[in-house]
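One-based numbering along the sequence shown.
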Amino acid sequence: MRNRYFKQGTRNEQNLYEDIILESIQIHGLDVEYLPREMLGRDIVTGEDVVSRFEDAYTIEMYLESIDGWDGEEDLFTKFGVEIRDAATFVVARRRFEQAVASYEDDAFIRPREGDLIYIPMSNSIFEITMVEDDKPFYQLENLTVYKMRAELFEYAGEDFDTGHEDIDDVELFTYNQVLTLVDSGSAAFD
C-alpha cells in the first residue's frame with residue numbers, strides 16, 4: 001500500500017512539469033505547419049478518404065525526436081525506380097496544440113489526427129501522420145503532457161491544397177503526373 005502522506009502529482013507539480021516540457025519543445029523544437037485534413041468523400045466499404053482537401057495551416061512548434069536524420073527505410077532502389085521512405089516522430093505539447101489548432105477547429109477536433117499533415121519549412125517536406133500516441137510518457141506525475149506522432153513522407157494523391165502558403169500549395173504543381181490517352185484502333189485484333 002502506498003504511503004498516504006505522500007501524494008504523487010499535485011496540481012502545482014503537474015503544472016511545473018508541463019511548463020518545463022513546453023519550454024523545452026519551444027527551445028529545441030521546430031516551427032512547423034499543421035494541416036488538418038478535410039474529408040470530402042468517404043468510401044463506405046473501406047472507410048478511406050476518396051477526396052480530401054487541406055485549407056488551413058497552423059504554425060506550431062514541435063520537437064523532432066530523431067536527431068540523426070529521418071527514420072524509416074530511407075531511399076529504396078527497386079526495379080520500378082526510387083522510393084523515398086522517410087519517417088519521423090514528432091512531439092507536441094498538449095496545451096500548445098489546444099491553443100494553436102484545436103481552439104480554431106470544431107469541437108470534435110481535440111488532438112492530432114491520423115491523416116493530417118505536418119509541413120517542415122526547413123526541408124520543404126510534408127509528412128502524413130500515421131499514428132498518434134497520447135499516453136507516452138506514461139502518466140508522469142499522474143498526467144499526460146504531450147502527443148507523440150509517427151509520420152511518413154506524404155505521397156500526393158490528388159488532394160486539393162488551398163492553405164494560402166505558396167510553398168505548401170505548390171505541392172500540386174510539382175508532382176509527377178502522366179496523362180495516358182487510349183485511341184481506338186478501328187478494328188478488333190481478335191475475331
Side-chain angles (χ1 to χ4, degrees), residues 18 21-22 24-26 28-67 69-74 83-137 144-176:
E18 188 175 21
I21 294 292
L22 196 73
S24 67
I25 291 174
Q26 289 174 341
H28 300 288
L30 306 167
D31 282 337
V32 300
E33 298 291 330
Y34 183 86
L35 289 76
R37 180 182 296 263
E38 183 181 341
M39 294 190 198
L40 301 175
R42 183 179 285 234
D43 186 347
I44 298 171
V45 176
T46 62
E48 292 180 352
D49 181 27
V50 177
V51 180
S52 63
R53 83 173 149 220
F54 298 93
E55 287 189 332
D56 299 316
Y58 301 101
T59 303
I60 188 169
E61 63 278 354
M62 292 187 186
Y63 178 72
L64 183 59
E65 199 168 76
S66 174
I67 59 171
W70 304 123
D71 296 332
E73 298 176 31
E74 306 272 332
E83 285 186 40
I84 302 173
R85 295 186 177 181
D86 290 339
T89 302
F90 297 92
V91 178
V92 65
R94 285 174 179 254
R95 186 186 332 157
R96 276 296 294 141
F97 186 81
E98 290 169 6
Q99 292 170 349
V101 180
S103 62
Y104 295 102
E105 292 290 326
D106 59 9
D107 294 336
F109 191 10
I110 57 172
R111 69 174 190 87
R113 300 176 300 191
E114 290 80 1
D116 290 352
L117 303 181
I118 298 171
Y119 171 72
I120 304 173
M122 175 184 70
S123 63
N124 198 26
S125 53
I126 300 176
F127 284 83
E128 181 175 3
I129 299 172
T130 58
M131 183 178 162
V132 178
E133 293 187 38
D134 60 355
D135 59 358
K136 290 201 179 189
L144 300 168
T145 57
V146 298
Y147 294 111
K148 242 183 191 180
M149 298 166 285
R150 294 194 185 135
E152 295 177 354
L153 198 60
F154 174 67
E155 293 181 26
Y156 179 73
E159 293 88 349
D160 182 30
F161 284 83
D162 204 9
T163 64
H165 293 268
E166 267 186 48
D167 294 336
I168 299 171
D169 295 343
D170 285 349
V171 73
E172 295 179 55
L173 302 175
F174 298 111
T175 56
Y176 180 74

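The shortest non-hydrogen separation linking Pro36 to Asp56 is CD-O, 3.5 Å. The two atoms that bring Ala93 and Ile25 nearest to each other are N-CD1, 3.8 Å, heavy atoms only. The two atoms that bring Tyr34 and Met62 nearest to each other are CD1-CE, 3.9 Å, heavy atoms only. For Tyr147 against Pro112, the heavy-atom pair with the smallest separation is CD1-CD, 3.5 Å. Residue Ile60 comes nearest to Ala100 through the heavy atom pair CD1-CB, 3.9 Å, listed as atom of the first residue, atom of the second, then distance. Between Ile120 and Leu30, the shortest heavy-atom distance links the atoms CG2-CD1, 4.4 Å.
For the atom pair CG of Leu117 and CZ of Phe127, the computed distance is 11.0 Å after rounding to the nearest 0.5 Å. Atoms CZ and CE, on Arg150 and Met131 in that order, are 4.5 Å from each other to the nearest 0.5 Å. A distance of 11.5 Å separates CG in Leu35 from CD in Glu159, rounded to the nearest 0.5 Å. Here the CD atom belonging to Glu33 is positioned 9.5 Å from the CG atom belonging to Asp167, to the nearest 0.5 angstrom. In this structure, CG on Asp31 lies 9.5 Å from CD on Gln26, to the nearest 0.5 angstrom. Atom-to-atom distance recorded for Met149:CE and Ile129:CD1 is 5.0 Å, nearest 0.5 angstrom.
With hydrogens and angles ignored, the 3.5 Å screen pairs a side-chain donor or acceptor of Glu114 with a backbone N or O of Val132. Proximity of a side-chain donor or acceptor of Asp162 to a complementary backbone N or O of Glu55 within less than 3.5 Å is not detected.
Taking the salt bridge (charged side-chain N to carboxylate O under 4.0 Å, His left out) definition, one finds that Glu61 meets it with Arg96, sequence neighbours left out.
Side-chain contact between Asn124 and Tyr119 is present, with heavy atoms from C-beta onward closer than 4.5 Å.
By the 30° and 60° cut-offs, the orientation of the rings of Phe54 relative to Phe161 is parallel.
A salt bridge does not link Arg94 with Glu18: every distance from a Lys NZ or Arg NE/NH1/NH2 to an Asp or Glu carboxylate oxygen is 4.0 Å or more.
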